[in-house]
Structures are given as C-alpha cells and as structure tokens.
Amino acid sequence: AQKVTQAQTEISVVEKEDVTLDCVYETRDTTYYLFWYKQPPSGELVFLIRRNSFDEQNEISGRYSWNFQKSTSSFNFTITASQVVDSAVYFCALSELDSGYALNFGKGTSLLVTP
Amino acid sequence: DTGVSQNPRHKITKRGQNVTFRCDPISEHNRLYWYRQTLGQGPEFLTYFQNEAQLEKSRLLSDRFSAERPKGSFSTLEIQRTEQGDSAMYLCASSPYGGAQYNEQFFGPGTRLTVL
C-alpha cells in the first residue's frame with residue numbers, strides 16, 4: 001500500500017503565482033519523519049526540509065513554506081511567487097523507525113513554471 | 001567536494017552481464033542507503049547499512065542483487081545476470097545517526113543503468 005500519496009501528478013503555473021503541493025501520509029508509528037525533496041531536470045535529489053512527528057510548527061524558508069497537520073496526516077508544501085527555476089519534480093517522503101528510517105517516497109509532483 | 005559520489009554515472013550493459021556500482025558517502029555519515037528510481041516514479045528503497053552492517057533489505061532486492069560496505073565507508077551494489085527490467089537510476093544516500101542532522105539523507109547523483 002502506498003504510504004505517501006501525492007495526488008497531483010503535474011501542475012503548471014505562470015511565474016509569480018503561488019502553488020501548493022499536497023502530500024498525505026500513512027503510518028502507525030508515533031515517531032516518524034517527513035521530508036520534501038526537489039529533483040530538477042539534472043536529476044540529483046535536493047533535500048529541502050525534514051520534520052519530525054513531534055513538531056507540528058509550520059516552517060517558512062524564503063519563498064517556501066510547509067504546513068504539517070497530524071490531524072489530517074498531511075504535509076503540504078507551498079511556493080510563493082513561483083519562478084522558472086522552481087520547475088522540477090517534488091517528492092514527499094516518510095521515514096519510520098520500523099524500516100530503519102529508510103525513505104518511503106511518493107510518486108512525485110511535476111511542477112512547471114512558465115514565464 | 002564533500003557530497004555523496006557515485007561511479008560510474010552511466011552504465012550500458014547487455015542482458016546477462018554483471019555490473020557493479022560504487023558509492024562514497026559523506027565521510028562522517030555512518031548510515032548508507034541504496035534506492036532505485038525508474039522513469040516517472042519516486043525512488044524505491046533497496047537496502048541500508050549502519051557502518052558495515054547491512055540492517056535491512058527490501059523485497060525488491062532479488063537474489064541477483066548484493067550490496068556490501070566492507071569497512072563502513074564506501075559501498076558497492078552488484079547486479080548479477082542483468083535483465084532489461086533492471087534498467088533504472090540507482091541512487092545512494094548517506095545520513096548521520098545522531099546529531100542535529102539526524103536522519104537527513106543526502107543523495108548522490110546516481111548511476112543510470114541501461115540493460116540492452
């Protein structure tokens with residue numbers, strides 16, 4: 001069963017629009033971590049953020065913000081004032097103690113930002 | 001460069017041949033992970049090491065696959081008798097166990113395998 005669901009396969013926006021990427025996860029562990037990674041066309045996965053299950057504070061880093069809600073098992077990612085360089089595939093991932101904290105990735109959301 | 005490195009970056013082989021990939025993790029990281037990514041999918045976990053001990057293997061890791069990390073530093077992933085279905089990007093990641101960056105996995109550039 002898919003533990004991480006990214007329902008949006010592809011999103012296309014015009015530069016300067018805000019965009020939110022959805023992520024829903026499933027776990028029975030009380031201790032777990034959630035991640036977002038960016039995979040640009042060059043292919044290398046770039047770490048963006050890690051949250052642990054005990055820290056539900058939202059986080060903002062420049063144009064990026066993350067909304068973690070345990071009540072709905074969601075960890076959504078918003079890019080404000082998108083730029084062409086934001087075009088990439090974005091992956092949400094879950095790591096659990098039971099699996100040695102190996103990352104369980106969603107299928108990714110492909111974001112295209114056009115000028 | 002202090003990131004994760006992988007070699008080779010690309011490998012083309014004929015079906016039935018054996019291939020071996022190498023991963024050099026970030027030097028102070030004692031956990032090392034292997035993943036496989038096929039086109040249009042997210043990476044899928046294969047196996048991981050803590051130091052030299054292989055602690056977990058996915059069901060995706062068939063008997064034709066073997067991984068080692070003999071001295072707790074670099075790791076190798078070998079695929080014997082390759083099949084066309086093995087064509088994928090093989091990704092290596094490392095993470096510290098403990099500390100402020102606990103459990104953050106940093107990925108290498110990957111090795112793209114094409115089996116003809």
Side-chain angles (χ1 to χ4, degrees), chain A residues 1-10 21-25 27 29 31-55 59 61 75 77 88-111, chain B residues 1 3-6 9-10 23 25-26 29-51 53-61 67 69 88-113:
Chain A
Q2 191 72 20
K3 289 198 168 190
V4 176
T5 301
Q6 295 180 255
Q8 305 146 309
T9 307
E10 293 180 354
L21 309 182
D22 297 334
C23 173
V24 174
Y25 63 92
T27 180
D29 281 6
T31 302
Y32 54 90
Y33 292 82
L34 294 163
F35 299 80
W36 278 95
Y37 282 85
K38 175 182 180 179
Q39 190 171 44
S42 61
E44 191 156 344
L45 280 162
V46 177
F47 167 81
L48 295 178
I49 189 171
R50 176 200 69 180
R51 295 307 262 180
N52 72 52
S53 51
F54 299 109
D55 183 1
E59 183 156 338
S61 176
F75 186 44
F77 172 30
V89 180
Y90 291 86
F91 291 98
C92 180
L94 166 72
S95 71
E96 304 164 289
L97 174 62
D98 280 355
S99 58
Y101 292 117
L103 291 169
N104 198 320
F105 285 86
K107 294 189 175 183
T109 297
S110 177
L111 174 65
Chain B
D1 187 5
V4 178
S5 62
Q6 293 186 246
R9 295 291 307 276
H10 302 273
C23 171
I26 294 171
H29 287 183
N30 48 16
R31 283 202 167 182
L32 186 149
Y33 298 80
W34 284 99
Y35 294 85
R36 181 175 69 186
Q37 186 177 21
T38 54
L39 199 61
Q41 301 295 316
E44 296 172 297
F45 167 72
L46 293 177
T47 188
Y48 89 93
F49 293 83
Q50 179 154 322
N51 300 314
Q54 188 173 17
L55 297 185
E56 182 95 10
K57 289 195 285 187
S58 159
R59 280 172 290 181
L60 292 175
L61 211 67
R69 195 183 182 197
M89 177 75 86
Y90 289 84
L91 296 164
C92 175
S94 70
S95 75
Y97 187 66
Q101 288 187 317
Y102 172 66
N103 202 30
E104 288 180 18
Q105 293 186 28
F106 296 88
F107 282 80
T111 295
R112 181 167 295 285
L113 173 66

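Residue numbering restarts at 1 for every chain, and letters A, B, ... go by the order of the sequence lines.
The CZ atom of A:Phe105 sits 8.0 Å away from atom CD of B:Gln37, with the distance rounded to the nearest 0.5 Å. Taken from OH in A:Tyr33 to CD in B:Glu104, the straight-line distance is 10.0 Å, to the nearest 0.5 Å.
Within a 6.0 Å radius of NZ in A:Lys38, other residues, nucleotides and ligands contribute more than 12 heavy atoms.
Of all the heavy atoms in A:Glu44 and B:Gly108, the pair that sits closest is CG-O, 3.9 Å.
In this structure the side chain of A:Phe91 reaches within 4.5 angstrom of the side chain of B:Pro43, judged on heavy atoms.
Heavy-atom distances place no part of B:Glu44 under 4.5 Å from chain A, backbone and side chain included. Interface residue B:Arg31: only side-chain heavy atoms are found under 4.5 Å from chain A. Of the two parts of A:Gln39, only the side chain, counted from C-beta on, holds a non-hydrogen atom closer than 4.5 Å to a non-hydrogen atom of chain B.
For the pair B:Tyr35 (side chain) and A:Leu103 (backbone), a donor-acceptor distance under 3.5 Å is present.
Note: A:Phe47 and B:Phe106 have tilted aromatic rings, judged against thresholds of 30 and 60 degrees for the angle between ring planes.
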